[in-house]
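The structure displayed is predicted, hence computed values, not measured ones.
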Amino acid sequence: MTRATLGSTIDGQVLEPGDPDYDEARTVWNAMIDRRPRYVVQCAGAGDVADAVRFARAHDLDLGIRCGGHGIVGHAVPDDGLMIDLRPMGSVAVDPASRRAHVQGGALLGALDRAAQAHGLATTAGNVSHTGVGGLTLGGGMGWLARQHGLTCDNVVSFDMVTADGELVHTSAEERPELFWALRGGGGNFGVVTDFEFALHPEAGHAIAAEFHFSAAEARAPMRRWRDLNGAAPRQATFTVTIVGQVVALGLVWVGDSADGAAIVSALRDELARDAEPLREAIAPMTYLELQTREDDEEGHAWRRYWKGHYFSALRDEAIDALLTREGPDLPNVSLQAYGGAIADVPDGDTAFARRDTAFEFVAASRWSDPAEDEARMSAARRYAAALDGYASGAYVNVLGDDGAAGLRRAYTEQKLARLTAVKDRYDPGNAFHLNQNIRPSRN
């Protein structure tokens with residue numbers, strides 16, 4: 001088994017340890033991941049993906065699929081296995097007349113955003129532009145447009161996918177509907193998606209991000225008011241909380257008419273200030289494209305990272321108290337993002353994505369640079385998230401880390417797990433695609 005054997009069928013590039021581009025290819029967003037694939041296949045098209053899958057299976061190599069590389073566990077990087085690097089397949093083609101976008105499997109969110117906005121269109125995408133379209137979409141896909149237009153997976157019209165047998169298949173609501181159902185929220189368990197077709201929506205591109213800062217000691221009453229206002233918020237508004245150290249930022253992100261957005265920001269500020277004057281406020285009008293890049297981290301691949309997450313179907317007073325109890329060293333940063341709106345409009349049975357009754361998504365995240373801090377940082381994040389366990393109603397599969405089967409049971413109902421297993425049995429009975437939040441086939 002040599003690179004020449006593999007490379008003879010590949011139009012793209014095949015890398016091995018020692019090659020000039022090898023270390024860059026195996027470097028992902030979490031610097032804790034330091035694994036060395038035997039081969040990295042930088043695919044030029046779906047044919048390369050199919051050949052790489054067949055080669056890996058013929059030689060009993062673990063398969064990892066790399067796009068944006070944002071998965072916290074680093075499933076994309078298989079030690080002594082074969083990494084399929086989709087990044088060369090990064091094109092986006094927009095048809096403004098039909099409001100459709102064809103997006104290759106290696107595209108990043110920023111490419112989709114820019115191509116669609118050039119025609120005054122958009123679809124739901126995540127909050128960091130260098131995230132991969134594939135990983136985000138297959139797990140669900142939360143973003144600033146989700147309350148208006150549904151999750152990213154809700155906006156998929158069709159997929160082209162390479163199966164574990166190296167076969168290229170097409171799926172939509174009419175063609176292979178069970179596979180179409182599973183790919184909308186079931187993760188990368190069933191194959192390698194090489195093309196996504198998305199529905200696009202008119203979007204003028206106006207946004208506002210607003211934050212009102214309070215000390216953790218004084219934030220309880222304002223945060224209750226923030227929660228109560230969220231219940232009546234228009235769909236253009238996504239309410240947010242960020243906690244860094246002892247500072248709590250209560251706010252929202254607005255995508256829509258600027259005057260309407262300014263009015264709701266003003267109303268939020270007045271309501272929050274009834275209990276305590278904010279330490280500071282930050283209200284920033286911006287374009288939609290600026291919003292989509294404001295959380296980008298240009299040095300992101302240099303940081304070691306760990307996170308834990310929950311879904312809340314309601315944010316009880318006791319949960320707010322637990323969130324604001326900021327004690328001990330190495331505390332993680334916290335984010336809360338509101339769900340509801342169009343997300344909850346989709347019938348639960350329509351997609352593999354579950355927990356559509358979610359009111360808020362919670363993530364406790366740490367980043368650091370010194371390997372000596374690994375255990376302390378991870379333990380602190382676990383302890384902090386564990387204090388919220390009793391108020392949680394599930395978890396987002398794209399935020400699961402080292403949770404194993406217990407995490408899958410939090411992300412999916414038993415009925416959906418059974419249905420996902422049936423699709424896994426059909427398309428990957430040997431579990432070739434197991435480096436993910438794994439839906440195991442029934443006979444494996």
Quiz item: Side chains of Val14 and Val40: closer than 4.5 Å at any heavy-atom pair?
Solution: no

Quiz prompt | Tyr339 and Glu361: CA distance, side-chain angles, deciding distance, side chain to side chain donor-acceptor pair (under 3.5 Å) verdict | solution = CA-CA 7 Å; Tyr339 277 45; Glu361 180 192 346; 2.8 Å; yes

Quiz item: Is there side-chain contact between Met83 and Val41, with heavy atoms separated by less than 4.5 Å?
Solution: no

Exercise. Please name all residues satisfying ring-ring contact (aromatic ring centres under 6.0 Å, His included) with Phe159, sequence neighbours left out, ordered by chain then number.
Key: Phe180, Phe196

Quiz item: If you round to the nearest 0.5 Å, how far is CG of Asp21 from CG of Leu15?
Solution: 6.0 Å

Quiz item: Under 4.0 Å between a Lys/Arg side-chain N and an Asp/Glu carboxylate O for Arg235 and Asp345?
Solution: yes

Quiz item: Are Arg87 and Glu24 within salt-bridge range, i.e. N to O under 4.0 Å?
Solution: yes

Quiz item: Going by distance alone, is a donor N or O of one side chain under 3.5 Å from an acceptor N or O of the other, for Asn436 and His75?
Solution: no

Self-check item: Test item: Arg147 side-chain N/O and Ala237 main-chain N/O as donor-acceptor pair under 3.5 Å
Solution: yes

Quiz item: Is Glu178 close to Arg419 at the side-chain level, that is, under 4.5 Å between some pair of heavy atoms?
Solution: yes

Quiz item: Which heavy-atom pair separates Leu324 from Ala219 by the least distance, and what is that distance?
Solution: CD1-C, 3.8 Å

Quiz prompt | Heavy-atom side-chain contact between Gln236 and His206 under 4.5 Å | solution = no

Quiz item: Which atom names give the shortest non-hydrogen contact between Val92 and Ala115, and what distance separates them?
Solution: CG1-CB, 3.7 Å

Practice problem: Examine distances only and state if a side-chain atom of His149 and a backbone atom of Ala146 form a donor-acceptor pair shorter than 3.5 Å. | Solution: no

Self-check item: Reported CG-to-NE2 distance for the pair Asp389 and His310, which is rounded to 0.5 angstrom
Solution: 4.5 Å

Quiz item: Taking atom CD1 of Ile33 and atom NE2 of His301, what is their separation to the nearest 0.5 Å?
Solution: 12.0 Å

Practice problem: May I have the step-by-step check of side chain to side chain contact (heavy atoms under 4.5 Å, CB included) for Asp296 and His130, ending in yes or no? | Solution: CA-CA 7 Å; Asp296 286 5; His130 46 74; 3.8 Å; yes

Quiz item: Would you say the side-chain atoms of Asn155 pair up with the backbone N or O of Phe198, donor to acceptor, closer than 3.5 Å?
Solution: no

Quiz item: What's the spacing between Trp307 CH2 and Ser335 OG if we round to 0.5 Å?
Solution: 9.5 Å

Self-check item: Side-chain donor/acceptor of Arg440 to backbone N/O of Asn431, under 3.5 Å
Solution: no

Exercise. Taking only Lys NZ, Arg NE, NH1 and NH2, and the carboxylate oxygens of Asp or Glu, determine whether Asp403 and Lys308 approach each other closer than 4.0 Å.
Key: yes

Exercise. Would you name the heavy atoms of Ala107 and Ser91 that are closest together and state the gap between them?
Key: CB-O, 4.3 Å

Quiz item: Okay, side chain of Thr123, backbone of Ala199: is any donor-acceptor separation there less than 3.5 Å?
Solution: yes

Exercise. Please round to the nearest 0.5 Å and tell me the distance separating atom CD of Gln104 and atom CG of Asp160.
Key: 10.5 Å

Practice problem: Considering non-hydrogen atoms only, spot the tightest contact between Asn398 and Gly139 and give its length. | Solution: OD1-CA, 3.3 Å

Quiz item: Are Glu281 and Arg269 ion-paired here, with the side-chain N under 4.0 Å from a carboxylate O?
Solution: yes

Quiz item: Which pair of heavy atoms, one from Ala352 and one from Gly185, lies closest together, and at what distance?
Solution: CB-C, 4.0 Å

Quiz item: After noting the C-alpha distance and the side-chain angles of His213 and Glu211, does the key distance pass the side chain to side chain donor-acceptor pair (under 3.5 Å) rule?
Solution: CA-CA 6 Å; His213 293 222; Glu211 292 183 339; 3.2 Å; yes

Quiz item: Would you say the side-chain atoms of Tyr396 pair up with the backbone N or O of Gly141, donor to acceptor, closer than 3.5 Å?
Solution: yes

Quiz item: Taking all non-hydrogen atoms of both residues, which atom of Ser313 and which atom of Ala359 are closest, and how far apart?
Solution: O-CB, 3.4 Å

Exercise. For the residue pair Leu82 and Pro37, establish whether any side-chain heavy-atom pair is separated by less than 4.5 Å.
Key: no

Self-check item: Close side-chain approach of Val334 and Val363, heavy atoms under 4.5 Å
Solution: no

Quiz item: With the threshold set at 4.0 Å, does a side-chain nitrogen-carboxylate oxygen contact exist between Asp350 and Arg184?
Solution: no

Quiz item: Who are the side chain to side chain donor-acceptor pair (under 3.5 Å) partners of Glu295, not counting sequence neighbours?
Solution: none

Quiz item: Going by heavy atoms in the side chains, are Thr163 and Val169 under 4.5 Å from each other?
Solution: yes

Exercise. Take Leu417 and Arg409 through the side chain to side chain contact (heavy atoms under 4.5 Å, CB included) test and state the conclusion after the steps.
Key: CA-CA 8 Å; Leu417 280 173; Arg409 290 192 293 272; 4.2 Å; yes

Practice problem: Begin from the C-alpha positions of Ser172 and Val157 and carry the test side chain to side chain contact (heavy atoms under 4.5 Å, CB included) through to its verdict. | Solution: CA-CA 6 Å; Ser172 66; Val157 178; 5.9 Å; no

Quiz item: Can a salt bridge be assigned to the pair Asp348 and Arg355 using a cut-off of 4.0 Å between side-chain N and carboxylate O?
Solution: no

Practice problem: Please state whether the rings of Phe362 and Tyr384 are parallel, tilted or perpendicular, taking 30° and 60° as the class boundaries. | Solution: parallel

Self-check item: Pair Asp402-Arg382, salt bridge (Lys or Arg N to Asp or Glu O under 4.0 Å): steps then yes or no
Solution: CA-CA 11 Å; Asp402 52 356; Arg382 292 183 191 120; 3.5 Å; yes

Exercise. Go through the steps to decide whether Arg305 and Met32 satisfy the test side chain to side chain contact (heavy atoms under 4.5 Å, CB included), and finish with yes or no.
Key: CA-CA 7 Å; Arg305 299 178 184 271; Met32 293 180 73; 6.0 Å; no

Self-check item: Criterion salt bridge (Lys or Arg N to Asp or Glu O under 4.0 Å) on Asp297 and Arg367, from CA distance to verdict
Solution: CA-CA 12 Å; Asp297 184 351; Arg367 70 176 196 180; 2.5 Å; yes

Quiz item: Taking Ser266 for the side chain and Ala263 for the main chain, is one N or O donor matched with an acceptor at less than 3.5 Å?
Solution: no

Quiz item: Any donor-acceptor pair under 3.5 Å linking the side chain of Thr171 with the backbone of Arg176?
Solution: yes

Quiz item: Of Phe239, Trp226, Tyr391, Phe312, which meets ring-ring contact (aromatic ring centres under 6.0 Å, His included) against Phe360?
Solution: Trp226

Quiz prompt | Residue that, paired with Arg57, satisfies salt bridge (charged side-chain N to carboxylate O under 4.0 Å, His left out) out of Asp51, Asp428, Asp62, Asp165 | solution = Asp165

Quiz item: Is a side-chain N or O of Ser393 found less than 3.5 angstrom from the main chain of Tyr311, in a donor-acceptor match?
Solution: yes

Practice problem: Hey, could you give me the OG1/CG distance between Thr242 and Leu336, rounded to the nearest 0.5 Å? | Solution: 8.5 Å

Quiz item: Looking only at atom types and distance, does a side-chain atom of Asp19 sit under 3.5 Å from a main-chain N or O of Tyr22, one as donor and one as acceptor?
Solution: no

Quiz item: Taking the six-membered ring where the residue is Trp, are the ring centres of Tyr288 and Trp254 under 6.0 Å apart?
Solution: no

Quiz item: Tell me, do Ile10 and Phe55 make a side-chain contact under 4.5 Å, heavy atoms counted?
Solution: no

Quiz item: Do Asp95 and Ser98 pass the side chain to side chain donor-acceptor pair (under 3.5 Å) test, and can you show the C-alpha distance, the side-chain angles, and the key distance before you say yes or no?
Solution: CA-CA 6 Å; Asp95 181 349; Ser98 64; 3.1 Å; yes

